[in-house]
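So that the names make sense, note that chain A is the first sequence line, chain B the second, and so on, each numbered from 1.
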Protein chains: 2
Amino acid sequence: MLSNACKYAIRSILYLSLYSDKTKKIGVKKIADELETPQPFLAKLLQQLTKSKLVTSTKGPNGGFYLSEANQKNSIWDIVENIDGPNKFNQCFLGLSKCEDENPCPVHYIAAPFKNKILANFRDKTISQFSSEIIDTDKVLSLKDYDALKQE
Amino acid sequence: MLSNACKYAIRSILYLSLYSDKTKKIGVKKIADELETPQPFLAKLLQQLTKSKLVTSTKGPNGGFYLSEANQKNSIWDIVENIDGPNKFNQCFLGLSKCEDENPCPVHYIAAPFKNKILANFRDKTISQFSSEIIDTDKVLSLKDYDALKQE
DNA sequence: ACTAAAAAAGATATTTTTATCTTGATTTAT
DNA sequence: ATAAATCAAGATAAAAATATCTTTTTTAGT
């Protein structure tokens, strides 16, 4: 559904939301390590996310990535839009370009509600709301160490 | 979500379900034309679907593809499984290998019901049930001629 | 038998996505 | 100032998905 790039991006941003701030920056190596994602690929990705103002970075010793207050106010949808493009959740399941409620493909009414619900969820909650919820409900972010939150 | 190959496969099979039978076979050229899919690619795909017993073919003049009675009893899910693999609808939305109800990723409860519903819908209805429904409710298979059904 | 129509099979090409590598620029701390 | 750490930028590589091309096999009709 989402590209790998997009999945990595979401996970990285949620990770940064939980563990970083302007006084505690985190380097690519650490992030890639924690999330078990390919490091150079993630580096490129974070570069792009920085350019798009979805994350913030500083160079030099003690530099790294973090989420600014402004970054925290973005939504998951902003990430998806940035990486996978704005049409990720409004495309026809069977690839037809003119599939709508009035002219539905055979699976339109199966898929459409799903897509709408996900879109709404992703659009209406901020990253910081997501991360509060992650903390409150013990959700999983990492592969390597998937109860990382419990030992914080 | 689904690969192009899989979308083409589903559309082709629904098309064959509607318009073909053992006495009325349809060639690749016609199918590709009607569905506006790349013809040589579709040829390969139909080859594979034939090998997998999801469609039936005969060679020679007046040969072509059709759905046998047995083929009509398959489900959309059988197609997805064959082309995109059996894990298409039970993978974590964020790509985690250990995301489940007991250990959910941050978007698990947003995505999981959706995936389950689609899976159920695709698994529990036969191709022929789908095509009856297409006829009853005027659904769309092709772009080229997207009220094709109405003029039958 | 011969011809033409059609799918099957196998080889090749293109594009996109994923991933890596190398070099350059910036910044902190000494 | 210099060195080391860290991101930025650009080039390259590998893999997967998509698409095409060519040849072979089968079969119906003549």
Of the candidate nucleotides [options], which contains the atom at the shortest distance from the side chain of [X]?
| X | options | answer |
| --- | --- | --- |
| V28(A) | dG29(D), dA9(D), dC7(D) | dC7(D) |
| N4(B) | dA19(D), dA19(C), dC7(D) | dA19(D) |
| K44(B) | dA28(D), dA8(D), dG10(C) | dG10(C) |
| S3(A) | dA28(D), dT18(C), dT18(D) | dT18(C) |
| P61(B) | dT20(D), dA9(C), dA28(D) | dA28(D) |
| P40(B) | dC7(D), dA8(C), dC21(D) | dC21(D) |
| P38(B) | dT28(C), dA9(C), dA19(D) | dA19(D) |
| K59(A) | dT25(D), dT20(D), dT6(D) | dT6(D) |

Worksheet item: Within the structure shown, what part of the strands sits under 4.0 Å from L42(A) by heavy-atom distance: base, sugar-phosphate, or nothing?
Response: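 It contacts nothing in the nucleic acid.
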Practice prompt. Could you tell me whether G60(B) contacts a base, only the sugar-phosphate backbone, or nothing, with contacts defined as non-hydrogen atoms closer than 4.0 Å?
Written response: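 Since a base atom lies under 4.0 Å of G60(B), the category is base.
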Worksheet item: Can Y19(B) be reached from L16(B) by stepping across I, L, V, M, F, W or Y side chains whose heavy atoms are under 4.5 Å apart?
Response: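 Yes, same cluster.
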Nearest-Å distance for atom pair [atom1]/[atom2], residues [X] and [N]:
| X | N | atom1 | atom2 | result |
| --- | --- | --- | --- | --- |
| K51(B) | dA9(C) | NZ | C1' | 8 Å |
| Q48(B) | dA17(D) | CD | C1' | 13 Å |
| L2(A) | dT17(C) | CG | C1' | 14 Å |
| F41(B) | dT20(D) | CZ | P | 9 Å |
| Q47(B) | dA11(C) | CD | P | 13 Å |
| K29(B) | dT20(D) | NZ | C1' | 15 Å |
| L16(A) | dC7(D) | CG | P | 11 Å |
| L35(B) | dA19(D) | CG | P | 14 Å |

Discussion item. Closer than 4.0 angstrom, basic N to acidic O: yes or no for K30(A) and E34(A)?
Written reply: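 Yes.
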Practice prompt. State whether the side chain of Y109(B) and the backbone N or O of D101(B) hold a donor-acceptor pair below 3.5 Å, judged by distance alone.
Written response: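 Confirmed, Y109(B) side chain pairs with D101(B) backbone.
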Worksheet item: Has S57(B) got a side-chain N or O lying under 4.0 Å from the OP1 or OP2 atom of dA8(C)?
Response: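 True: S57(B) side-chain N/O within range (under 4.0 Å) of dA8(C) OP1/OP2.
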Discussion item. If you compare every side-chain N and O of Y8(A) against the phosphate oxygens of dA19(C) (OP1, OP2), does one of them come in below 4.0 Å?
Written reply: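 Answer yes for this pair, as a side-chain N or O of Y8(A) is under 4.0 Å from OP1 or OP2.
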Worksheet item: What about Y15(B) and F65(B), are their ring centers closer than 6.0 Å?
Response: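 Not close enough - the centres of the two rings lie 6.0 Å or further apart.
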Worksheet entry | Side-chain donor-acceptor pair present, T126(A), Q72(A), cut-off under 3.5 Å |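 No pair is found: no donor N or O on one side chain lies under 3.5 Å from an acceptor on the other.
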Discussion item. Please compare Q39(A) and N62(A) by the position of their nearest nucleotide in DNA chain C and report the one closer to 5'.
Written reply: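 Nearest-nucleotide comparison on DNA chain C picks Q39(A).
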Worksheet item: Looking at F130(B), is K125(B) sitting on its ring face, NZ or CZ under 6.0 Å from the six-membered ring centre and within 45 degrees of the normal?
Response: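 Yes; both conditions hold, so K125(B) lies above the ring face of F130(B).
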